[in-house]
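I have placed the structure first, in the form of structure tokens, so that the comments after it can refer back to it.
As the structure is a computational prediction, the values presented were derived from the model and not from experiment.
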Number of protein chains: 4
Amino acid sequence: MPANPTRRSPTSHAAILSAAWDLACEVGYARLTVEAIAKRAGVGKQTIYRWWRTKDEILLEELDSRTSATLEFAHSGDIRADLRRQLTEVTKVLGSDEYAPYRGLIAAAQSDPELLRQIEQRIIEPRVDALVERVSQAQRDGQLRDDIAPRDVVELLYGPIYYRLLVRTRPLRVADTRHHLDLLFEGLSPGQAVKAAKAADVAQPG
Amino acid sequence: MPANPTRRSPTSHAAILSAAWDLACEVGYARLTVEAIAKRAGVGKQTIYRWWRTKDEILLEELDSRTSATLEFAHSGDIRADLRRQLTEVTKVLGSDEYAPYRGLIAAAQSDPELLRQIEQRIIEPRVDALVERVSQAQRDGQLRDDIAPRDVVELLYGPIYYRLLVRTRPLRVADTRHHLDLLFEGLSPGQAVKAAKAADVAQPG
Amino acid sequence: MPANPTRRSPTSHAAILSAAWDLACEVGYARLTVEAIAKRAGVGKQTIYRWWRTKDEILLEELDSRTSATLEFAHSGDIRADLRRQLTEVTKVLGSDEYAPYRGLIAAAQSDPELLRQIEQRIIEPRVDALVERVSQAQRDGQLRDDIAPRDVVELLYGPIYYRLLVRTRPLRVADTRHHLDLLFEGLSPGQAVKAAKAADVAQPG
Amino acid sequence: MPANPTRRSPTSHAAILSAAWDLACEVGYARLTVEAIAKRAGVGKQTIYRWWRTKDEILLEELDSRTSATLEFAHSGDIRADLRRQLTEVTKVLGSDEYAPYRGLIAAAQSDPELLRQIEQRIIEPRVDALVERVSQAQRDGQLRDDIAPRDVVELLYGPIYYRLLVRTRPLRVADTRHHLDLLFEGLSPGQAVKAAKAADVAQPG
DNA sequence: ACTTAACCGAGACGGTACGTCGTGTCTTGGT
DNA sequence: ACCAAGACACGACGTACCGTCTCGGTTAAGT
């Protein structure tokens, strides 16, 4: 971009971001069009192409600013309680219709490596890093097996959420997310349920 | 579709299916074009539109026939061994470049509820059913906690695979899938690793 | 046409002819379609293509049978009376909406020399020949200048009719045709009107 | 047409006009295609549809500019000389292959009343008006019967030309046009030829 | 205070692909 | 053999968006 950001019109900038997001919600990501964004935002097409390379980048920027709040991670001392809170939050957000464009972005990224890289970098990586750090702390505290790479924990935790998000066999629900979290800690092997459940009660009495 | 299937040309039918799949592999799902499929298959566009509503349906049909072989599920008596075998197979298939169009379909389905429904119905549901059945058997055999809904097990197993498939933070690898399977059975809580590992050794000495 | 006319279905034949003509009247020549003819006639497309090369040929055949009645030429002994009767008849027919497809044929013939040849041969030539013969007779009878080629008379007579038929600046009306006929005989030069009118009165007192 | 004419590209405009006319000459009006025009002109189809509703309008515009030169009418004082000159010119133009698309337009207008209206308005009417005026002048000068509506003269003059142009029974030739003109003035009645010829000699000794 | 250069809205431009319509040919099954 | 039905390869249709490219008009910075 050779454009000079100091002369950028904040009005148009904001109008484009929200026009893009709103349209994506209304007509669906696939039917989202640069021309429609320009019209809705009351903006020339050139103004869009001057600052963004694709419509994905617009949505990504808007997504970024909308989700920046969900970055911080609780450190209550109880790993399962902290994870429960975090995953609950994430589930609520991703399950809502206002975040439907996020699914569109993940989808588009399957055909656009550069977009995929940006999503990882700006949306996913920060959350994964925070999660990895919290998990490591839990391992040091003896609340989690220390023979596991934290990255694997991340995938076990987020996997089912994304699975439902994208495959939609069942709706994304907070209660299920919590249940999955318990199962993960307790394991699927028989004879561990009771012990595991007890441990959970101690950690999270509420 | 008012067309009469008995008059359908098998030559054109087959040519379209493989042209579509090959092109999707070559240029990527997003750049796949009905026009290009018609040209490659030596077929009129009308013939495509007569039998399929979208390019997605073509790919879905081809995907269906290509994966119909991976439907059966092993019943060795050892649930972890059977799951390992099955997930290994699935991981290999989904991770390969020849199945890249599948990712495109999942992506497109995010903007097309009807397509999503069809993918579930034709691709996902049969495998989930088989998996659910196998898990139920394992519960009756006492090889798996019987206080869990089999559907939840499915999501815990497939979740991480789809996560990597779509988010691509790390490549989809067979070894990781197996590792995740072990972690799932053993649980993440500390002090269960040794016991769980022992149980695994008994069940799967190889 | 390799088809064997003796096995031809008279029902389909007739249905096609009238379906074609009716459709041409309803939607206009340019929007006339072989497919629509087949549907309206309750006939397979092949049946049409087996017996006619183009839709023009269908219309031409129907035109031919509809106009075969206007072929005979009156021989009353008075050339101007005979011409008046004949041109009146032609004007009535060509000016009516039921013969609109004829204009379509003339139009199409501008881009299709073979069609033009057929129209001349089957529709125009017979009438021209009859007219030429009648004019020659009049010349022998001393009712018409004998230093003129009859073909030129034909063009002077039919010209204005076709002009209005195709250019449509003014509607094709019987009264105008008769007036033109008078002007033709009398000439445009000044000082001949009275004499000519007298001659006309003698020839056609009614 | 909501397009803004001040932003119109003169290059594309001109390229489209001549591409359309040239192609019409080369392949014939009926095989003329918007797609081919766009390709030949190096232009997007949309640019054509933005400024013209049909290919006819393109040809009409080009025809208009090509024939605008033949609008003026000679006033030598001798009506027959002036008509002879004018009809000669018209005959030459319409008979030439470079004006073949005009025939296509007349043809197409038979199925398109709006096009017919435009042809009359832009091509025919101006010439008819000029001719009517010249004829009226001649009537005032006593060179032509004054009991005739000039419009009728127009049709008697142009009729045979259009007849040959469209029906093509005989080629459109300058000599025939002149001959028809003489016959018109002299009339077809016997015994007038000599007198009429004399009058002509006086008026047009060349 | 006055250029002047970048921004802006608007939208025309050369393209690509869309999904539809009609062409003329071919095939199937019924009479 | 002819027929109704309609699938087929093909070509063109008119439309929707793409991303690039002028046009004036308006700001804001730098002289």
Mind listing the side-chain donor-acceptor pairs of residues 15-24 of chain D below 3.5 Å, one per line with the distance, residues two or more places apart or on another chain?
from    : atom 1 : to      : atom 2 : distance (Å)
D:Ser18 : OG     : D:Ala14 : O      : 3.4
D:Trp21 : NE1    : D:Glu98 : O      : 3.0

Q: Taking the side chain as every heavy atom from C-beta outward, state whether A:Leu116 and A:Ile106 have any atom pair closer than 4.5 Å.
A: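 No, their side chains stay 4.5 Å or more apart.
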What are the atom names and distances for every N/O pair under 3.5 Å that joins the protein to nucleotides 14-19 of chain E?
from   : atom 1 : to      : atom 2 : distance (Å)
E:dG14 : OP1    : D:Ser12 : OG     : 2.8
E:dG14 : OP2    : D:Gly44 : N      : 3.3
E:dG14 : OP2    : D:Thr47 : OG1    : 2.8
E:dA17 : O3'    : B:Thr33 : OG1    : 3.4
E:dC18 : OP1    : B:Val34 : N      : 2.8
E:dC18 : OP2    : B:Val34 : N      : 3.4
E:dC18 : OP2    : B:Glu35 : N      : 2.9
E:dG19 : OP2    : B:Tyr49 : OH     : 2.3
E:dG19 : O5'    : B:Tyr49 : OH     : 3.4
E:dG19 : N7     : B:Lys45 : NZ     : 2.9
E:dG19 : O6     : B:Lys45 : NZ     : 2.8

Result block: side-chain N/O donor-acceptor pairs under 3.5 angstrom for residues 34-41 of chain D, not counting sequence neighbours:
from    : atom 1 : to      : atom 2 : distance (Å)
D:Glu35 : OE2    : D:Lys45 : NZ     : 3.0
D:Arg40 : NH1    : D:Glu26 : OE2    : 3.4
D:Arg40 : NH2    : D:Glu26 : OE1    : 2.8

**Q.** Protein-to-nucleotide contact annotation, 5' to 3' order, nucleotides 24-31 of chain F [B base; S sugar-phosphate only; - none; under 4.0 Å, heavy atom]
**A.** ---B----
Quickly work out the [X] [atom1] to [N] [atom2] distance and round it to whole Å.
| X | N | atom1 | atom2 | answer |
| --- | --- | --- | --- | --- |
| C:Arg40 | F:dA4 | CZ | P | 16 Å |
| D:Trp52 | F:dG14 | CH2 | P | 15 Å |
| C:Ile37 | E:dG22 | CD1 | P | 12 Å |
| A:Glu57 | F:dG19 | CD | P | 11 Å |
| B:Ile48 | F:dG11 | CD1 | P | 15 Å |
| A:Asn4 | E:dA6 | CG | C1' | 8 Å |
| C:Asp112 | E:dT23 | CG | C1' | 15 Å |

Q: Check whether any side-chain nitrogen or oxygen of C:Trp51 sits under 4.0 Å from OP1 or OP2 of F:dC3, and answer yes or no.
A: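 Looking at the OP1 and OP2 atoms of F:dC3, one of them is under 4.0 Å from a side-chain N or O of C:Trp51.
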Q. With sequence neighbours left out, what residues match B:Ser65 under side chain to side chain contact (heavy atoms under 4.5 Å, CB included)?
A.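 Checked B:Ser65 against side chain to side chain contact (heavy atoms under 4.5 Å, CB included); matches are B:Glu62.
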Q. Among all residues two or more places apart in sequence or in another chain, which pass the salt bridge (charged side-chain N to carboxylate O under 4.0 Å, His left out) test with A:Lys55?
A.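 A:Lys55 satisfies salt bridge (charged side-chain N to carboxylate O under 4.0 Å, His left out) with no other residue.
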**Q.** Pi-cation contact, D:Trp52 with D:Arg8 (under 6.0 Å, within 45°)
**A.** yes
